[in-house]
S.K.: 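First the structure, which I've put down as structure tokens, then a few questions once you've had a look.
We use all heavy atoms of the structure for the numbers below, so side chains are in, but hydrogens, waters and symmetry mates are not. Whatever order the structure lists them in is the order used to number ligands and atoms, beginning at 1. Keep in mind that this is a model prediction, so the values were computed, not measured.
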Amino acid sequence: MWGGRFATPPSEALAALNNSLSVDRRLWAQDVRASKAWVTALQDAGVLDSEEAGLLHGGLDRVGDRLSGGAEAEAADEDIHTLVERLLYQEVGDLAGKLHTGRSRNDQVATDLRLWCLDALGPLDEQIAALGAALVVQARAGIDMLLPGYTHGQQAQPVRWAYVLLAHAWPLVRDRDRLADVRRRVAELPLGSGALAGSSVAVDRDLLRDILGFRTVSANALDATGDRDFVAELLFALTLLATHLSRLGTELVTYSSTEYGFVRLSDAFSTGSSLLPQKRNPDVFELARAKAARTLGDLVAMVGMLRALPAGYSKDLQEDKSLLFDAMDAALVTLPAVRGAVETMQPIPDRMQSVLRETLLATDVADELVGEGVPFREAHGLAGRLVREAEDLGVSLRELPAERARKIHEVLPDVLGRLGSFEDSVERRRTSGGTSRASVEAQLGVLEQAFAGQFPPEAAT
Ligand code: ARG
């Protein structure tokens with residue numbers, strides 16, 4: 001394809017390093033689609049007559065059919081672009097040589113990859129929404145279940161199980177929002193940029209944009225051919241998504257352990273041990289954590305590669321695809337498994353209830369003292385003393401003898417007398433976004449809507 005200038009073909013060692021077909025074969029459908037759009041634009045510009053354009057369209061369709069059927073699995077072509085062109089020669093003969101008029105693989109690959117991203121974003125968004133919906137369903141069912149809320153791994157205040165689950169659902173709303181935003185910038189058309197300086201053929205780039213469903217046309221050909229910001233951005237969005245799945249995973253690995261026992265994973269979404277018959281392993285969540293680390297590696301490699309490059313195309317950019325595909329594959333294989341595990345896990349409210357310690361109400365004691373006019377800082381100190389004395393005596397807060405409580409503060413016996421249940425404590429946190437029933441129900445309502453449809457409406461491009 002570029003052999004004219006060289007006396008000998010590339011060495012085997014160079015081909016082994018340089019050839020990318022094993023990775024970019026996945027772009028075949030986008031390459032055919034973009035090539036067909038290019039045929040239309042060449043015809044519109046008067047470079048091809050209608051008969052030639054018709055033959056090229058038919059030939060490209062047949063090439064697409066062959067590739068979709070798995071043809072040329074062992075092909076030794078340099079990349080998907082050269083493979084498609086070689087097959088087009090087989091279909092339409094020398095006319096195939098006219099397809100590449102005014103086009104470069106530099107604007108071609110950038111166009112193909114952007115199309116691939118646009119195609120992948122829809123199914124990805126659906127999977128995120130489905131996981132979000134699964135968390136919301138579990139949350140609805142768990143609104144009456146109380147457990148300790150933890151900070152620093154320490155019991156802090158009682159909360160609703162629903163509230164904990166929703167704390168993992170809201171990040172998914174942000175992920176969808178972020179991906180919709182990335183989509184806007186993915187949808188800029190590079191085709192018509194040539195190798196770096198624009199195309200020698202006066203193609204109508206707005207026509208190309210409309211045929212291929214892009215939102216806008218790139219503004220500078222040198223930038224457009226070397227720009228992989230969209231890959232880096234998508235990798236970042238995927239890294240944060242993977243991070244959210246990983247954090248959910250960490251929480252559920254802990255909660256499904258024998259020691260906590262707050263949830264039981266279903267048989268279909270836990271694995272056994274080859275040696276230890278009693279094990280129910282949360283592999284789904286452990287793998288979700290590992291995929292997050294790996295996806296972060298993809299992002300770091302991508303940005304590390306980009307930072308070294310001048311404007312325009314350098315071959316370094318060929319490495320973008322294996323990183324992006326790796327991260328997208330990880331997301332698409334992890335999301336359904338995490339969703340299945342969430343959908344089928346069984347909360348065990350008795351276990352949650354049984355580990356609630358009365359000291360979780362220490363903040364309520366302080367709040368009540370504040371109600372009696374004690375400044376909060378002082379109230380905090382008094383409640384702390386109460387906890388310490390009860391601990392020293394080995395009794396619960398309420399069991400502390402009245403005279404000892406009175407020594408700490410005169411109203412403390414009264415306050416302890418009217419100290420409510422864990423449920424009362426949960427209901428005290430009435431601010432929006434808190435763990436009270438009303439707030440959790442409001443969140444459930446918003447999230448049910450948010451995960452019910454496309455986000456935002458498909459209008460992004
Ligand atoms: N396989 C190449 C890639 O993925 C296509 C672009 C090649 N461009 C070039 N000037 N050699 O980046």
S.K.: Determine, for F325 and R26, whether the Lys NZ or Arg CZ falls below 6.0 Å from the six-membered ring centre while staying within 45 degrees of the axis.
M.R.: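 Output yes; distance and angle both within limits.
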
S.K.: Show me, pair by pair, the donor-acceptor contacts under 3.5 angstrom made by side chains of residues 69-77, not counting sequence neighbours?
M.R.:
residue: E72; atom: OE1; partner: R86; partner atom: NH2; Å: 2.9
residue: D77; atom: OD1; partner: R86; partner atom: NE; Å: 3.3
residue: D77; atom: OD1; partner: R86; partner atom: NH2; Å: 2.8
residue: D77; atom: OD2; partner: R86; partner atom: NE; Å: 2.7

S.K.: List of N/O pairs, ligand 1 versus protein, all under 3.5 Å?
M.R.:
residue: ligand 1; atom: 1 (N); partner: S20; partner atom: OG; Å: 3.4
residue: ligand 1; atom: 1 (N); partner: D79; partner atom: OD2; Å: 2.9
residue: ligand 1; atom: 1 (N); partner: Q318; partner atom: OE1; Å: 2.7
residue: ligand 1; atom: 4 (O); partner: K321; partner atom: NZ; Å: 2.7
residue: ligand 1; atom: 8 (N); partner: N106; partner atom: OD1; Å: 3.0
residue: ligand 1; atom: 10 (N); partner: N106; partner atom: OD1; Å: 3.0
residue: ligand 1; atom: 12 (O); partner: Y313; partner atom: OH; Å: 2.5

S.K.: For residues 141-151, pull every pair meeting side-chain hydrogen bond (donor to acceptor under 3.5 Å, both in side chains), keeping only residues two or more places apart or in separate chains.
M.R.: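 Checked against side-chain hydrogen bond (donor to acceptor under 3.5 Å, both in side chains) - neighbours excluded - the pairs reaching residues 141-151 are D144-R437.
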
S.K.: Using modelled atom types only, decide if a donor and an acceptor are shared between the side chain of D125 and the backbone of G122 within a distance under 3.5 Å.
M.R.: no

S.K.: Thinking salt bridges, do D181 and R184 make one under a 4.0 Å N-O criterion?
M.R.: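 Yes, D181 and R184 are salt-bridged.
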
S.K.: Would you list the atom pairs, donor with acceptor, under 3.5 Å between side chains in residues 152-159 and any protein atom, with sequence neighbours excluded?
M.R.:
residue: Q155; atom: OE1; partner: R357; partner atom: N; Å: 3.4
residue: Q155; atom: NE2; partner: V355; partner atom: O; Å: 2.7
residue: Q157; atom: NE2; partner: T363; partner atom: OG1; Å: 3.3

